[in-house]
Student: 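I am attaching a structure below and will ask some questions about it afterwards.
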Amino acid sequence: MSSDAVKKRKPKVIRNETGTPETKRGRAEGDQVTYPAGPHLIGQRKLFTAKTQAVRVYNEEVELEARDPQQDYMLYKDTCAALAKLMAEIQELKAGGAKVGSVEIEERRTQCSVHFITLKKLNRLAHMRLKKGRDQTHEAKQRVDVLHLQLQNLLYEVMHLQKEIGKCLEFRSQHEEIELVSEEEFFQEAPAEISRPHVTRDDQHQLTLARLDWELEQRKRLAEQYKMSLARKEKIQKAIEQKREYLSSLQPGLQNIMQASLPVQEYLAIPFEHMQKQAEVSRHLPPPLYVLLVQAGAYGQACDKNLSVSISGDVDEAKALSRPPEDSQDDESDSDAEEEQQNTKRRRATVGVQLDDKRKEMLRRHPLSLCVDLKCKDGSILHLFFYYLMNLNILTVKTKVSTTTDLSGAVSAGELLNSESLLNCLYTSDHGKETPNPANRYQFDKVGITTFADYVSDLGHPYVWMQKLGGLQFSSDSALTGSALSASHMERTMKLLRGRLQARLALHKQFSSLEHSIIPVSSECQHLFPAKVVSGLMRWTMMSYQEFTELGFVQHVLKAGLVRETDLFFMAVVERGTARLLAAVVMNPRYPEVAPLFSLSLHWKGERSGRTDDNLQVRALQLQRVQSCSGVFSVKLFSK
């Protein structure tokens, strides 16, 4: 029989009667039931008689509980051994010639069947015992799971309680954030019914409650005072509004009075309205321009009535710059904002465009500027336009000259009043090509600017003297700053500016005469000229620095370092018969403080110069005396 068939058998067997048909017949006859020879079966059914008809139910599970597994194992071994012995005996009988149906073989076969039944019984009991063990294991596992779940619940409750305890320990009452008065002040100021010294001095909790009660009383009192102050404030505001309405009603009348007084202001030269508007606009000037405005105006009122200062530029843009960042945003419509976003998304700026934008932002001017006008006695005016570069923190200036006469006739004098060179070297070595602020060099490196001279024509010249007029000091030469620095340089600078303009206008007039071959001679110098003049000035022209360096007779001047690119260069040609004299004139921008430099070359029977001909030196000295007396310009003869 296979093991599957054994497993499918039901473990419980209920029988009402037992034994073979022969035993049944024996029962009917009233005899006791006898079992065949051989070992008795385990769990052998007990006998019962037909007289009593008592029925007993057999249950293997009940029997399993009373059995010992070790004994069943020993019985299993004995049964297997007995079965093997019977099989061997049957084999020997068959080998000895016994027939298949003989008594000896049948008897042993019966005993083998009984042993097989015993093995089947033991197999059922083993399966039942295995199932029972599994059930017991499952029940024990369930009990362990239940206990584990209870343990987890307890641990969670412990953790929750610990958190709650931590919250309680970390709890901070709102009264801890209130700055209460000290205990000394509390006992001194609080009434006895609140302070209760006999209780609160020994009990910290009652003391805290009492201090809180006193704080509440004080706050109630302050709240009443606050309400009274608000009521008084409302009354004052109403009074202010009434006075403001009264003043507003006066404003149209005052404006009419101011308009009517304009002719009187102009006649008395007291422009109150103009000064009021300028004072209002000056609040939006950057500090350097404001210092320059105040100091120049003060100097004009005290020392120079021909000096005037005015403000120009976009006032609204200046107001927008002076506002806080949150208030300076443009009030544009939604459509404009959407259009700007679309244009931004349309293309991405390249690196070059970004650098250009950064350069423009760095070189950005303040929207307001100053205009200082210096008037001369002959009616000519020097206009100085001062600008402030916000990111570089420097001042720049541009110039313009206005005259009562037309100055376009003199070609050689065109550079004399040029705005690019008019104020060069007002102070020694101040050419105004580079920024005087050392910090700008590092700013230029970030945006790729090599030199500030490339932007001078657009932004103006950053002269050092102009920075001092604005109160900007970039060196440690002077301890003065601001208004004090500006005031210390204002008078001298204004005198130098007026002197520069007058000198250039005088030179312009003289050069115009020289271009027409006319040498202006004053009566004081008339005796220096011969009665009969046989030589004449044939040409007077202006040269560039490159043209001057190409002349052969001026190389020694160049090697000596007496010439700079900022100087002005001229050429004079004097002829007498076949002799021709060339005079190269170098004029320093600081003329007449620095005398001009002359280099002479005579073409007569060869080429001669002041370095090789002593007679030419003597003639040059005579020419120097004549020109000095005539007031044209001083002459300095360079020779060795």
Side-chain angles (χ1 to χ4, degrees), residues 1-90 105-154:
M1 183 182 296
S2 63
S3 60
D4 295 336
V6 174
K7 291 181 181 179
K8 292 180 180 179
R9 291 181 62 88
K10 294 182 179 180
K12 296 182 181 180
V13 180
I14 300 176
R15 293 187 179 91
N16 292 330
E17 294 180 347
T18 58
T20 60
E22 290 80 10
T23 60
K24 291 181 181 180
R25 284 193 298 270
R27 292 178 192 175
E29 293 175 357
D31 299 332
Q32 291 183 349
V33 179
T34 61
Y35 291 93
H40 296 287
L41 295 173
I42 299 172
Q44 189 175 5
R45 301 172 182 82
K46 297 183 179 180
L47 302 177
F48 63 91
T49 59
K51 294 179 180 181
T52 60
Q53 295 295 324
V55 179
R56 296 183 180 181
V57 179
Y58 171 70
N59 191 348
E60 286 185 345
E61 292 180 356
V62 177
E63 181 184 359
L64 181 64
E65 295 176 358
R67 296 178 65 88
D68 186 8
Q70 189 65 27
Q71 293 180 359
D72 288 346
Y73 176 67
M74 297 305 295
L75 178 60
Y76 167 73
K77 292 179 66 177
D78 295 342
T79 303
C80 289
L83 185 60
K85 182 178 179 183
L86 290 174
M87 291 295 181
E89 292 178 355
I90 292 174
I105 293 177
E106 290 296 328
E107 183 179 356
R108 287 171 174 77
R109 183 178 295 172
T110 301
Q111 292 177 0
C112 287
S113 299
V114 172
H115 287 308
F116 274 118
I117 292 173
T118 302
L119 291 176
K120 292 171 64 178
K121 174 71 173 182
L122 292 173
N123 184 40
R124 288 197 305 274
L125 293 175
H127 282 285
M128 292 173 64
R129 190 175 285 112
L130 177 61
K131 182 178 181 300
K132 184 178 180 181
R134 288 178 177 175
D135 293 341
Q136 291 176 352
T137 302
H138 182 67
E139 292 176 358
K141 184 178 179 181
Q142 286 183 339
R143 288 195 299 273
V144 171
D145 291 341
V146 171
L147 294 175
H148 182 71
L149 181 60
Q150 292 177 355
L151 175 62
Q152 293 296 327
N153 290 335
L154 291 175

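Computed from a predicted structure; not experimentally measured. Residues take their numbers from the sequence shown, with the count starting at 1.
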Student: At what distance, to the nearest 0.5 angstrom, does CD of Glu107 lie from CD1 of Ile90?
Tutor: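 Spacing of CD (Glu107) from CD1 (Ile90) equals 10.5 Å.
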
Student: Can you name the residues that form a side-chain contact (heavy atoms from CB on, under 4.5 Å) with Leu64, not counting sequence neighbours?
Tutor: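 Counting only residues at least two positions away or on another chain, Leu64 forms a side-chain contact (heavy atoms from CB on, under 4.5 Å) with Leu125, Met128, Arg129.
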
Student: May I ask you to test the Lys132-Glu65 pair for a side-chain heavy-atom distance under 4.5 Å?
Tutor: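 Counting from C-beta outward, Lys132 and Glu65 do come under 4.5 Å.
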
Student: If you look only at pairs with a residue in residues 142-153, which of them pass as a salt bridge (Lys or Arg N to Asp or Glu O under 4.0 Å), with sequence neighbours excluded?
Tutor: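 Listed by first then second residue: nothing to list.
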
Student: Closest approach of Leu122 and Tyr76, non-hydrogen atoms and distance?
Tutor: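 Here Leu122 and Tyr76 meet closest at CD1-CA, 3.5 Å.
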
Student: Once rounded to the nearest 0.5 Å, what's the spacing between atom CZ of Arg108 and atom CD1 of Ile105?
Tutor: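 One finds 8.5 Å between CZ of Arg108 and CD1 of Ile105.
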
Student: side-chain contact (heavy atoms from CB on, under 4.5 Å) for Leu119 and Leu83? Distances and angles first, verdict last.
Tutor: CA-CA 10 Å; Leu119 291 176; Leu83 185 60; 4.0 Å; yes

Student: Taking only residues two or more places apart in sequence or in another chain, which ones pass side-chain contact (heavy atoms from CB on, under 4.5 Å) with Glu106?
Tutor: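 side-chain contact (heavy atoms from CB on, under 4.5 Å) list for Glu106, sorted by chain: Arg109.
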
Student: List for me each residue that meets salt bridge (Lys or Arg N to Asp or Glu O under 4.0 Å) alongside Lys131, sequence neighbours excluded, and say none if there are none.
Tutor: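 Salt bridge (Lys or Arg N to Asp or Glu O under 4.0 Å) list for Lys131, sorted by chain: Asp135.
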
Student: Under 3.5 Å, is there a donor-acceptor pair linking the side chains of Gln111 and His115?
Tutor: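 Not at all, the side chains of Gln111 and His115 share no donor-acceptor pair under 3.5 Å.
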
Student: Calculate, to the nearest 0.5 Å, the distance between atoms OH and CG belonging to Tyr73 and Leu75 respectively.
Tutor: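 So the OH of Tyr73 and the CG of Leu75 are separated by 12.5 Å.
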
Student: Roughly how far, to the nearest 0.5 Å, is SG of Cys112 from CD1 of Ile117?
Tutor: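 Interatomic distance, Ile117 CD1 to Cys112 SG, rounded to 0.5 Å: 11.5 Å.
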
Student: Has the side chain of Asn153 got a donor or acceptor atom that lies under 3.5 Å from a matching backbone atom of Leu149?
Tutor: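 Looks like yes, one N/O pair under 3.5 Å.
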
Student: Report the residues that fulfil side-chain contact (heavy atoms from CB on, under 4.5 Å) with Asp68, sequence neighbours left out, ordered by chain and then residue number.
Tutor: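 If we apply the side-chain contact (heavy atoms from CB on, under 4.5 Å) test to Asp68, skipping adjacent residues, the hits are Gln70, Gln71.
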
